[in-house]
Student: 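Pasting a structure below so you can have a look.
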Amino acid sequence: MCGIVGIVGKSNVNQALYDALTVLQHRGQDAAGMVTYQDDRFFLRKDNGLVRDVFRTRHMRRLQGNAGIGHVRYPTAGSSSSAEAQPFYVNSPYGITLAHNGNLTNTNELAEDVFRSDLRHINTNSDSEVLLNVFAHELQKLGKLNPTHEDVFAAVAAVHKRCRGAYAVVALITGYGVVAFRDPFGIRPLCFGTRETPSGKEYMVASESVALSALGFSLERDVQPGEAVYIESDGELYTRQCADNPKLNPCIFEHVYFARPDSIIDNISVYKARLRMGEKLAEKITRLRPEHDIDVVMPIPDTSRTSALQLALKLGVKFREGFIKNRYIGRTFIMPGQNMRKKSVKQKLNPIELEFKGKNVLLIDDSIVRGTTCQEIVQMARDAGALKVYFASAAPAVRFPNVYGIDMPAAEELIAHGRTEQEVQEEIGADWLIYQDLEDLIECASEGNPMVDRFDCSVFDGHYVTGDINQAYLERLQLSRGETNKAKKAEENAIIGLHNNT
């Protein structure tokens with residue numbers, strides 16, 4: 001999962017891009033990058049690290065121009081590498097730089113095709129670089145010295161025909177403008193907005209609406225599945241549906257975990273969806289155990305707080321903040337390596353013992369993926385004096401790999417894969433485990449926009465909306481994941497050894 005942004009303004013956009021990437025930092029903490037354009041030149045800065053660490057004053061001074069794009073990276077496979085920080089750049093045609101959120105499911109075939117047919121070289125293992133070269137080749141095939149918006153849309157249409165999987169893209173074409181487009185299933189989010197300035201109208205595209213509102217842009221709408229939005233350097237806006245059979249099947253995990261609660265995605269308030277998740281969970285608990293003995297409800301900060309508060313209200317049980325979060329530790333779900341995740345849990349959360357002592361506690365988390373943090377947190381609650389520790393997940397059991405850009409591609413890493421709910425309960429050490437029902441989760445999200453009749457719920461039900469995922473693909477992915485885990489383990493051991501020696 002990554003965050004992308006593109007701005008066409010009337011003055012330097014470097015500070016606006018920086019601010020937008022900071023707002024989108026929750027979508028990727030591994031690397032950050034920014035490209036601006038002025039006087040037929042690109043100005044690029046990207047590196048590993050948080051936005052505040054990658055961009056210093058000396059970098060910002062160089063990032064001149066009234067158009068630019070930015071990216072925050074979350075590694076979907078393997079260890080972090082500055083070589084794969086985005087945006088990527090190709091000089092032909094025109095000079096194009098591109099940033100991407102999602103994951104292509106036919107990367108290997110595309111990379112081979114790009115090399116043998118398009119005669120282009122791919123320098124990294126990133127599917128984003130492959131996607132960039134496909135787009136560049138399709139634009140170059142048109143043979144135009146000065147491409148029009150029709151040419152840009154034709155290139156995007158060709159990309160849709162060649163690329164499969166999930167992708168929300170923003171690209172900057174030297175001297176012409178910013179183009180953004182979304183895959184034909186609309187799996188990954190993308191929206192755009194405007195703001196009025198004394199010099200004229202400015203445009204912005206971003207992964208989440210919160211990036212727009214934080215910078216004073218008004219949300220116009222979401223980019224539709226298969227649609228392209230093209231903003232020329234002078235501020236002229238064009239939009240076009242570029243896919244043959246688009247169908248909105250957005251990723252429901254955005255509402256469960258990734259997106260900020262103050263975002264609106266596909267006309268659905270993330271905050272309200274999470275409120276409804278809490279209500280549905282409370283109804284299930286009441287149905288299963290009408291005479292429950294829960295004394296207090298506590299969220300696992302921060303994503304589950306909205307659901308937990310509504311659940312407690314619905315149950316008529318006290319809501320308490322039992323864990324204090326160290327905000328200088330990254331999100332454990334996106335940290336590489338199990339040992340690093342386990343180590344970071346205790347650094348990240350500290351219990352308030354007086355809230356646990358002698359009580360039956362219901363802990364609420366947004367989801368249970370690998371289960372590593374759940375085990376640690378349940379034990380922390382017991383050590384703090386809880387009599388009983390119940391655990392509720394605002395999402396159903398995550399049993400299947402994700403292939404659309406979330407770092408859970410190997411089934412064997414998922415605690416619920418091949419296990420019953422009772423077995424997962426025993427594995428995490430809880431006295432009772434409650435999962436959200438999938439039908440209820442879908443209702444929680446779709447209530448905000450009845451026009452969305454299907455979400456990508458593949459991590460819960462194993463049904464992949466793009467229709468190109470089979471068992472052979474998943475087995476290849478798992479094999480690749482195994483090799484990646486070896487590299488992760490070696491890197492992790494080296495880091496631990498370094499810490500132990502200092």
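These numbers come from the heavy atoms of this one structure, side chains and all, not from hydrogens, waters or symmetry mates. Everything numeric here is computed off the predicted structure, so don't read it as measured data.
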Student: Heavy-atom count around K284 NZ within 6.0 Å, excluding the residue itself: above 12?
Tutor: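 Correct, the count exceeds 12.
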
Student: Check S367 against S393 and note the closest heavy-atom contact, atom names and distance.
Tutor: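 The answer is CA-OG, 3.4 Å.
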
Student: Side chains of V403 and Y473: closer than 4.5 Å at any heavy-atom pair?
Tutor: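 The answer is yes, as the side chains (C-beta and beyond) meet within the 4.5 Å cut-off.
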
Student: Considering only heavy atoms from C-beta outward, does the side chain of I4 approach that of L190 to under 4.5 Å?
Tutor: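 Counting from C-beta outward, I4 and L190 do come under 4.5 Å.
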
Student: To the nearest 0.5 Å, what is the distance between NE2 on H149 and OH on Y230?
Tutor: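 It comes to 9.5 Å.
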
Student: Please answer whether the main-chain N or O of H100 pairs with a side-chain N or O of Q86 as donor and acceptor at a distance below 3.5 Å.
Tutor: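 Judged by distance alone, yes, a pair lies under 3.5 Å.
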
Student: Is there side-chain contact between F258 and I265, with heavy atoms separated by less than 4.5 Å?
Tutor: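 F258 does not reach I265 side chain to side chain.
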
Student: Does any part of the side chain of E254, heavy atoms only, come nearer than 4.5 Å to the side chain of R27, both counted from C-beta?
Tutor: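 The answer is yes; the side chains approach within 4.5 Å.
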
Student: Step by step, work out the side chain to side chain donor-acceptor pair (under 3.5 Å) result for Q15 and D19.
Tutor: CA-CA 6 Å; Q15 187 62 52; D19 293 341; 3.0 Å; yes

Student: Does atom CG (D453) have a neighbourhood of more than 12 heavy atoms from anything else shown, all under 6.0 Å?
Tutor: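 Enclosed: over 12 neighbouring heavy atoms sit under 6.0 Å from CG of D453.
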
Student: Once you round to the nearest 0.5 Å, how far does CG of L50 lie from CD of Q25?
Tutor: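 Reported value, rounded in 0.5 Å steps: 4.5 Å.
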
Student: Using modelled atom types only, decide if a donor and an acceptor are shared between the side chain of H160 and the backbone of C242 within a distance under 3.5 Å.
Tutor: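 The answer is no, because no donor-acceptor pair under 3.5 Å joins these two groups.
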
Student: I'd like to check S92 versus Q140 (side-chain heavy atoms, cut-off strictly below 4.5 Å). Are they in contact?
Tutor: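 S92 reaches Q140 side chain to side chain.
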
Student: Hey, mind stepping through D456 and I252 against side chain to side chain contact (heavy atoms under 4.5 Å, CB included) and telling me if it holds?
Tutor: CA-CA 6 Å; D456 170 59; I252 204 165; over 6 Å; no

Student: Could you check if a side-chain atom of I7 sits within less than 4.5 angstrom of a side-chain atom of V178, using non-hydrogen atoms only?
Tutor: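 Side chain of I7 against side chain of V178, heavy atoms only: no contact under 4.5 Å found.
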
Student: Judged by atom type as modelled, is there a donor-acceptor pair below 3.5 Å linking the side chain of T97 to the main-chain atoms of F88?
Tutor: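 Present.
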
Student: Which heavy atom of S304 sits nearest to which heavy atom of D366, and what is that distance?
Tutor: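 Between these two residues, the closest heavy atoms are CB-N, 3.5 Å.
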
Student: Is there a donor-acceptor contact under 3.5 Å linking the side chains of Y176 and N146?
Tutor: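 The criterion, which ignores hydrogens and geometry beyond distance, is satisfied for N146 and Y176.
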
Student: Rounded to the nearest 0.5 Å, what separates atom CD1 in I268 from atom CE in M451?
Tutor: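 So the CD1 of I268 and the CE of M451 are separated by 12.0 Å.
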
Student: Any chance OH of Y238 has more than 12 other-residue heavy atoms, nucleotides or ligands included, within less than 6.0 Å?
Tutor: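 More than 12 within 6.0 Å, yes.
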
Student: Distance check, rounded to the nearest 0.5 Å: R260 atom CZ versus D302 atom CG?
Tutor: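 These two atoms lie 11.0 Å from each other.
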
Student: Under the 3.5 angstrom rule, does the side chain of R73 hit a backbone N or O of A31 as a donor-acceptor pair?
Tutor: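 Not confirmed, R73 side chain does not pair with A31 backbone.
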
Student: Under a 3.5 Å distance rule, please check whether Q224 uses its side chain to pair with a backbone N or O of D222 as donor and acceptor.
Tutor: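 At least one qualifying donor-acceptor pair exists.
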
Student: Evaluate side chain to side chain contact (heavy atoms under 4.5 Å, CB included) for E227 paired with R182, printing each intermediate quantity in order.
Tutor: CA-CA 6 Å; E227 185 183 25; R182 198 174 178 192; over 6 Å; no

Student: Go through it in stages, so that I can follow the logic: the residues are N91 and Y94, the test is side chain to side chain donor-acceptor pair (under 3.5 Å), and I'd like the CA-CA distance, side-chain angles, deciding distance and then a yes or no.
Tutor: CA-CA 6 Å; N91 66 357; Y94 318 115; over 6 Å; no

Student: Before giving the answer on side chain to side chain donor-acceptor pair (under 3.5 Å), spell out for E84 and S126 the whole-Å C-alpha distance, their side-chain angles and the decisive distance to 0.1 Å.
Tutor: CA-CA 6 Å; E84 296 192 6; S126 174; 4.9 Å; no

Student: Verify salt bridge (Lys or Arg N to Asp or Glu O under 4.0 Å) between E279 and R276, making sure each step is shown before the conclusion.
Tutor: CA-CA 5 Å; E279 290 179 358; R276 292 188 285 267; over 6 Å; no

Student: Check whether any side-chain N or O of N66 sits under 3.5 Å from a backbone N or O of G9 as a donor-acceptor pair, and report yes or no.
Tutor: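 Checked: pair present.
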
Student: Should we say atom CG of D53 is surrounded by more than 12 heavy atoms from elsewhere, each under 6.0 Å from it?
Tutor: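 Above 12, so yes.
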
Student: Specify the closest pair of heavy atoms between E220 and T194, including all atoms of both residues, with the distance to one decimal.
Tutor: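 Residues E220 and T194, closest heavy atoms: OE2-OG1, 2.8 Å.
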
Student: Apply the test salt bridge (Lys or Arg N to Asp or Glu O under 4.0 Å) to residues D244 and K161: give CA-CA distance (whole Å), side-chain angles for both, the deciding distance (0.1 Å), then the verdict.
Tutor: CA-CA 9 Å; D244 292 334; K161 288 181 169 62; 3.7 Å; yes

Student: Just jot down the side chain to side chain contact (heavy atoms under 4.5 Å, CB included) partners of A392, sequence neighbours excluded, or say none.
Tutor: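 For A392 the side chain to side chain contact (heavy atoms under 4.5 Å, CB included) partners, ignoring immediate neighbours, are L281, L362, I364, I434.
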
Student: Does the pair R56 and D47 meet the rule for a salt bridge (Lys or Arg N to Asp or Glu O under 4.0 Å), with working shown?
Tutor: CA-CA 12 Å; R56 300 294 187 178; D47 202 354; over 6 Å; no

Student: Has N101 got a side-chain atom pairing as donor or acceptor with A168's backbone, closer than 3.5 angstrom?
Tutor: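 No: the side chain of N101 does not pair with the backbone of A168.
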
Student: Run the ring-centre check on Y435 versus F460 and record whether the distance is less than 6.0 Å.
Tutor: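 No; F460 has its ring centre 6.0 Å or more from that of Y435.
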
Student: Could you go through the side chain to side chain contact (heavy atoms under 4.5 Å, CB included) check for R52 and T22 one step at a time?
Tutor: CA-CA 8 Å; R52 66 178 183 226; T22 302; over 6 Å; no

Student: Compare all side-chain heavy atoms of E150 with those of R240 and state whether any distance is below 4.5 angstrom.
Tutor: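 Yes. Closest side-chain heavy atoms under 4.5 Å.
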
Student: What distance separates Y167 OH from R188 CZ, expressed to the nearest 0.5 Å?
Tutor: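 Interatomic distance, Y167 OH to R188 CZ, rounded to 0.5 Å: 13.5 Å.
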
Student: Nearest 0.5 Å please: distance from the CG atom of N14 over to the CG atom of L63.
Tutor: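 It is 6.0 Å, given to the nearest 0.5 Å.
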
Student: Is a donor on one side and an acceptor on the other found under 3.5 Å between the side chain of Q64 and the backbone of R61?
Tutor: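 Yes, Q64 side chain to R61 backbone: donor-acceptor pair under 3.5 Å.
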
Student: Run the side chain to side chain contact (heavy atoms under 4.5 Å, CB included) test on Y404 and C251 for me, step by step, so that the C-alpha distance in whole Å, both residues' side-chain angles and the decisive distance to 0.1 Å come before the verdict.
Tutor: CA-CA 9 Å; Y404 299 131; C251 175; over 6 Å; no

Student: Under 3.5 Å, side chain of D183 to main-chain N/O of A166, donor-acceptor pair present?
Tutor: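 No, because the side chain of D183 does not come within donor-acceptor range (under 3.5 Å) of the backbone of A166.
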
Student: Do L44 and F42 have side-chain heavy atoms sitting under 4.5 Å apart?
Tutor: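 Answer no - side chains too far apart.
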
Student: Search all heavy atoms of C163 against all heavy atoms of L110 and return the closest pair with its distance.
Tutor: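 What the structure gives for the nearest pair is SG-CD1, 3.7 Å.
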
Student: For G186 and P225, which heavy atoms make the closest approach, and how far apart are they?
Tutor: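 Answer, listing the atom of G186 first, then P225: N-CB, 3.5 Å.
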
Student: Using the six-membered ring wherever Trp is involved, compare the ring planes of Y18 and F55 and label them parallel, tilted or perpendicular (cut-offs 30° and 60°).
Tutor: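 Plane angle over 60°, so perpendicular.
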
Student: What are the two closest heavy atoms between A394 and S307, and how far apart are they?
Tutor: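 Where A394 meets S307 most closely, the heavy atoms are CB-OG, 4.1 Å.
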
Student: May I ask you to decide if the ring planes of Y257 and F253 are parallel, tilted or perpendicular, using 30° and 60° as cut-offs?
Tutor: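 Answer is tilted, since the angle falls between 30° and 60°.
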
Student: Hey, does the side chain of D266 reach the backbone of P250 with a donor-acceptor pair shorter than 3.5 angstrom?
Tutor: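 Such a contact is absent between D266 side chain and P250 backbone.
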
Student: Please evaluate residues K10 and E202 with respect to the criterion salt bridge (Lys or Arg N to Asp or Glu O under 4.0 Å), reporting the C-alpha separation (whole Å), side-chain torsions for both, the decisive distance (0.1 Å), and the verdict.
Tutor: CA-CA 7 Å; K10 297 300 181 182; E202 297 182 321; over 6 Å; no

Student: Which residues pass the side chain to side chain contact (heavy atoms under 4.5 Å, CB included) test with D118, sequence neighbours left out?
Tutor: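 Partners of D118 under the side chain to side chain contact (heavy atoms under 4.5 Å, CB included) test: V114, R120, H137, R162.
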
